[in-house]
Amino acid sequence: MIERTAPSLNLRKTLLCGQCFRWREIAPDVFSGTVGNRHLTLTQQDLPRLRQDPFWCIYFDLNTDYETLRKQLSALHPNLNKAAQHGCGIHILRQEPWETLCSFIISQNNNIPRIQGIIDRLCGETEACSPAAFQNGPAVHPFPQPETLAALSETDLAPLRCGFRARYILDAARKVADGNVNLEALRTAPLAEARAVLMQITGVGPKVADCTLLYGLHRMDAFPVDVWMKRAMGQWFPGVDPVSFGSAAGLAQQYIFDWVRSGASEEEIPG
DNA sequence: GGCCAGGAAGATC
DNA sequence: GATCTTCATGGC
């Protein structure tokens, strides 16, 4: 029996690929982040041990066979094969739906450093911590609950410096808090229905909806088909219908995005 | 379809 | 240094 020494998850690729915004590389190969009311600092070497922890095992999706999914996607098209090779090691994290929805509302027309800054301020990371908070180590700053945000006003959110997105955050918080949008129910709802429910929220369009479904509800069938991605699909995957990606469509799009963002060269575009 | 809504980062001058 | 340009957008 050969001991499995190389887990399918690559921490850097997974945590810094733009699917989440509360992880930082605080030193070379050392990653630190907050999930729920837990704070974790780890390196790639800590992953095998993490398998024993039910919470982190679920969060990092360690029980999904990404190697098989990656092989299935690779077989669909030569360019998807390249993208999948580049994205090898990316897991789709199982993030909290509300935090994910709110984060991707903030992400629209925005860049990652600024998104991280806004979310840090939203979570109170930049507030001065009381001395008592440090008695048992650094204070953990959970993502604010929708009920908390629902009671606030745009003026209250001004210190976040999130611009026009403030009213979108408040509308989302209120619709989730009062039950108009039941995020948990979207785990099993038909994809089209789940999208429609999310798009009732002001400031949530097709892309934010699909990102919420993929990253927040682990709907691997969700595929953000915006104009940009459609163009990339048409140019780089001629004749391939995203439907053929099936239940791994979300993973495929993450591979493609990561590949494109890395500068997957124009010369690789066929024809 | 065009434009506008923060602000930060990177490119360019 | 100053000045563009861009940003996984959505709404009017």
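The sequence lines fix the lettering, A, B, ..., with proteins before strands; numbering per chain opens at 1.
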Worksheet item: If we take the P atom in both B:dA8 and C:dG10, what is their distance in whole Å?
Response: 22 Å
Discussion item. Once you apply a heavy-atom cut-off of 4.0 Å, does A:Arg114 come out as touching a base, just sugar-phosphate, or nothing?
Written reply: base
Worksheet, complete the sentence: Considering only heavy side-chain atoms of A:Asn110, the closest of B:dG7, C:dA8, B:dA5 is B:dG7
Discussion item. In whole Å, I'd like the distance from the CZ atom of A:Phe164 to the P atom of C:dC12.
Written reply: 13 Å
Discussion item. Under 6.0 Å between ring centres: does that hold for A:Phe104 and A:Tyr168?
Written reply: no
Worksheet item: So which one's nearest nucleotide on DNA chain B is more toward 5', A:Gln108 or A:Arg161?
Response: A:Gln108
Discussion item. Suppose you measure atom P in C:dT6 against the same atom in B:dG2; what distance do you get, rounded to whole Å?
Written reply: 16 Å
Worksheet item: Tell me: CD1 of A:Ile119 to P of B:dG6, nearest whole Å?
Response: 19 Å
Worksheet entry | Six-ring centre of A:Phe55, A:Arg38 cation under 6.0 angstrom, axis tolerance 45° | yes
Fill in: Between B:dA8 (P) and A:Leu160 (CG): distance, integer Å
13 Å
Fill in: Proximal nucleotide (of C:dA8, C:dG10, B:dA8) relative to the A:Pro206 side chain
C:dG10
Worksheet, complete the sentence: Per nearest nucleotide of DNA chain C, the residue lying toward the 5' end, A:Tyr215 or A:Met199, is A:Tyr215
Practice prompt. Let me know the distance between CG of A:Asp171 and C1' of C:dG10, rounded to the nearest Å.
Written response: 13 Å
Fill in: Inter-nucleotide P distance (C:dA8, B:dG1), Å rounded
22 Å
Fill in: Of A:Tyr215, A:Phe60, A:Tyr66, the residue whose pairing with A:His91 passes ring-ring contact (aromatic ring centres under 6.0 Å, His included)
A:Tyr66
Fill in: Salt bridge A:Asp178-A:Arg174, side-chain N to carboxylate O under 4.0 Å
no
Discussion item. Once you apply a heavy-atom cut-off of 4.0 Å, does A:Gln19 come out as touching a base, just sugar-phosphate, or nothing?
Written reply: nothing
Item to complete: Mind calculating the distance between CD1 (A:Ile118) and P (B:dA5) to the nearest angstrom?
Response: 17 Å
Discussion item. Base, sugar-phosphate or nothing for A:Ser107? Non-hydrogen atoms, less than 4.0 Å.
Written reply: nothing
Worksheet, complete the sentence: Ranking B:dG7, C:dA8, B:dA9 by distance to the side chain of A:Pro113, first place goes to B:dA9
Discussion item. Side chains of A:Ser107 and A:Asn110: any donor to acceptor distance under 3.5 Å?
Written reply: no
Discussion item. Using whole Å, what does the distance between atom C1' of nucleotide C:dT9 and atom CG of A:Leu101 come to?
Written reply: 14 Å
Discussion item. Checking contacts here: which listed nucleotide (C:dA8, C:dG11, C:dT9) is nearest the side-chain heavy atoms of A:Val208?
Written reply: C:dT9
Worksheet item: Starting at CH2 of A:Trp259 and ending at C1' of C:dA8, how long is that distance when rounded to a whole Å?
Response: 17 Å
Fill in: Rounded distance (Å) that lies between atom P of B:dG6 and atom OH of A:Tyr168
10 Å
Discussion item. Regarding B:dG6, can its base be found pairing with the side chain of A:Asn109 as donor and acceptor, where the two atoms are less than 3.5 Å apart?
Written reply: yes
Discussion item. Reading DNA chain C from 5' onward, which residue's closest nucleotide shows up sooner: A:Ile115 or A:Arg167?
Written reply: A:Ile115
Worksheet item: If you measure from the Lys or Arg side-chain nitrogens to the Asp or Glu carboxylate oxygens, is any gap between A:Asp46 and A:Arg49 under 4.0 Å?
Response: yes
Discussion item. Taking the minimum atom-to-atom distance to the side chain of A:Asn111, which one of B:dA5, C:dC7, C:dG10 wins?
Written reply: C:dC7
Item to complete: Using only side-chain N and O atoms of A:Arg165, determine if any of them is under 4.0 Å from OP1 or OP2 of C:dG10.
Response: no
